[in-house]
Protein chains: 2
Amino acid sequence: MSKLNSTFAALSDPTRFAIVNQLLENGEKSAGSLKGIVAISGPAISRHLKILRNAGVVEQRIDAQRRMYRVRPQAIMAIHNWTISHQEFWQSSLARLEQVLIAEKETK
Amino acid sequence: MSKLNSTFAALSDPTRFAIVNQLLENGEKSAGSLKGIVAISGPAISRHLKILRNAGVVEQRIDAQRRMYRVRPQAIMAIHNWTISHQEFWQSSLARLEQVLIAEKETK
DNA sequence: TTCTTATTTAACAATATAGTTAAATAAGAA
DNA sequence: TTCTTATTTAACTATATTGTTAAATAAGAA
């Protein structure tokens, strides 16, 4: 729980969020092939990957000259678990809001 | 999906993450009483709340001089839904990792 | 109206973030 | 070794973020 905000920080940048979604949807990708998904220089992608790695969101595997990146499942599960730990709050709040909308519809 | 990274940005600051957790656990709180949870000035808290509000993470209700803040359940649900949309990836990845650990234990 | 409480906005300084190009490093191929 | 491909690190600039104090605004109470 204490380092979840670092995970959120890693995912707060649009480029990094796009990288992570790309890796989640298509699995492992090289640094170079990730460069294609946004109009950005190589060094910029490289640094974003370093930030994601330091936050524990992705991990690296070396394949000859290429560095292959994939999402660490634990990172996404940690976010999931945080939402679950407050699930009662948001689910009941939403249920109440829905009841209000239904009541308003009946009044009109 | 497109504005989830703004939600993550709002939650990336440790002070804001603490504020949100406080509101999730104890419900609606005034700006002033939130000041107590971190050693920070009033104006700083006020601006953090504005950022959270702009990101759609909290909403405000006016009660005389006080501004009461509460978490918008939709914000947490949006995060939850994102983790769910990739659940197959992270759950099966974790299951595979666990299998590897079991296999290693048997080898030792 | 004037005082008090609660909160926000303004102005500013310090630090962090993200992008760029050029140089360095890593590793296979000629 | 030298060339080529892939990626990272260094150096630098521009912009964003966060915190502070002082002033402004909001609203009830005297």
Side-chain angles (χ1 to χ4, degrees), chain A residues 2-23 26-72 75, chain B residues 2-23 26-72 75:
Chain A
S2 43
K3 55 185 181 40
L4 238 198
N5 71 293
S6 309
T7 305
F8 289 142
L11 295 170
S12 69
D13 178 88
T15 299
R16 289 195 295 269
F17 189 57
I19 288 172
V20 169
N21 278 297
Q22 181 68 220
L23 294 176
N26 304 321
E28 200 179 52
K29 288 250 172 273
S30 69
S33 72
L34 285 166
K35 211 180 61 182
I37 68 161
V38 244
I40 205 173
S41 66
I45 281 283
S46 181
R47 201 166 35 175
H48 280 306
L49 288 167
K50 191 180 194 176
I51 290 166
L52 287 168
R53 197 140 47 95
N54 288 341
V57 175
V58 305
E59 59 192 351
Q60 193 193 55
R61 180 177 70 84
I62 294 176
D63 170 37
Q65 304 105 312
R66 295 185 306 169
R67 305 294 128 100
M68 306 300 290
Y69 289 91
R70 58 171 172 269
V71 173
R72 287 186 65 244
Chain B
S2 45
K3 56 184 180 41
L4 237 199
N5 69 294
S6 310
T7 305
F8 289 142
L11 295 170
S12 69
D13 177 86
T15 299
R16 290 195 294 270
F17 189 56
I19 289 171
V20 169
N21 277 295
Q22 181 68 221
L23 294 176
N26 303 319
E28 198 179 53
K29 290 249 172 273
S30 69
S33 71
L34 285 166
K35 210 179 63 184
I37 68 159
V38 243
I40 205 174
S41 67
I45 281 283
S46 181
R47 201 167 33 175
H48 279 306
L49 287 167
K50 191 180 193 175
I51 290 165
L52 286 168
R53 196 140 48 94
N54 289 340
V57 176
V58 305
E59 59 193 350
Q60 192 192 56
R61 179 177 71 83
I62 294 174
D63 170 36
Q65 304 104 312
R66 294 185 307 170
R67 305 295 129 98
M68 307 300 291
Y69 288 92
R70 57 170 174 271
V71 173
R72 287 186 66 242

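Convention: sequence-line order gives letters A, B, ...; per-chain numbering from 1.
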Under-4.0 Å side-chain N/O to phosphate OP1/OP2 contact, B/Q60 with C/dT7: no
Distance test, side-chain N/O of B/K50 to OP1/OP2 of C/dT7, below 4.0 Å: no
Residue-level proximity of residues 27-36 of chain B to DNA chain D when a heavy atom falls under 4.0 Å: none
For atom CZ of B/R61 and atom C1' of D/dA27, their distance in whole Å: 15 Å
Upstream residue (5' side of DNA chain C) when A/R67 and B/R53 are each assigned their closest nucleotide: B/R53
Residues in side chain to side chain contact (heavy atoms under 4.5 Å, CB included) contact with B/K35, at least two apart in sequence or another chain: B/I45
A/I62 CD1 - C/dA26 P separation (whole Å): 10 Å
Separation of D/dT7 P from A/M68 CE (nearest whole Å): 8 Å
Dot-bracket line, read 5' to 3' along DNA chain C, where crossing pairs take [ ] and | marks a partner on another strand, Watson-Crick or G-U under 3.5 Å: ||||||||||||||||||||||||||||||
Name the pairs: protein N/O against N/O of nucleotides 28-30 of chain C, kept only if under 3.5 Å.
none

Closest nucleotide among D/dA27, C/dT9, C/dA27 to the B/S46 side chain: C/dT9
For atom CG of B/L11 and atom P of D/dT18, their distance in whole Å: 12 Å
Non-hydrogen side-chain atoms of A/I62 and A/M68 separated by less than 4.5 Å: no
Any donor-acceptor pair under 3.5 Å from B/R72 side chain to B/G56 backbone: yes
Let me have the donor-acceptor pairs involving side chains of residues 7-19 of chain B, under 3.5 Å, with sequence neighbours excluded, atom names and distances please.
unit_1 : atom_1 : unit_2 : atom_2 : d
B/S12  : OG     : B/A9   : O      : 2.7
B/D13  : OD2    : B/T15  : N      : 2.9
B/D13  : OD2    : B/R16  : N      : 3.1
B/R16  : NE     : B/A10  : O      : 2.7
B/R16  : NH1    : B/H48  : ND1    : 3.0
B/R16  : NH2    : B/A9   : O      : 3.3

B/Y69 side-chain N/O to C/dT8 phosphate OP1/OP2 under 4.0 Å: yes
Distance (rounded to the nearest 0.5 Å) between B/L49 CG and B/L23 CG: 7.5 Å
Contacts of type side chain to side chain donor-acceptor pair (under 3.5 Å), residue B/E28, not counting sequence neighbours: B/R61, B/R70
All side chain to side chain donor-acceptor pair (under 3.5 Å) counterparts of B/S41, not counting sequence neighbours: none
Minimum heavy-atom distance B/A55-B/S6, with the two atoms named: CB-O, 4.0 Å
Gap separating the CZ atom of A/R53 from the CD atom of A/Q60, nearest 0.5 angstrom: 4.0 Å
Test side chain to side chain donor-acceptor pair (under 3.5 Å) applied to A/R66 - qualifying residues, sequence neighbours left out: A/D63
Point-to-point distance, once rounded to the nearest 0.5 Å, from CG of B/L52 to NZ of B/K50: 13.0 Å
Least distance between heavy atoms, B/V71 atom then B/V20 atom: CG2-O, 3.9 Å
Gap separating the CZ atom of B/R47 from the CD1 atom of B/I40, nearest 0.5 angstrom: 9.0 Å
Under 4.0 Å protein heavy-atom contacts per nucleotide of nucleotides 10-23 of chain C, with B for base, S for backbone only and - for none: --------BBBBB-
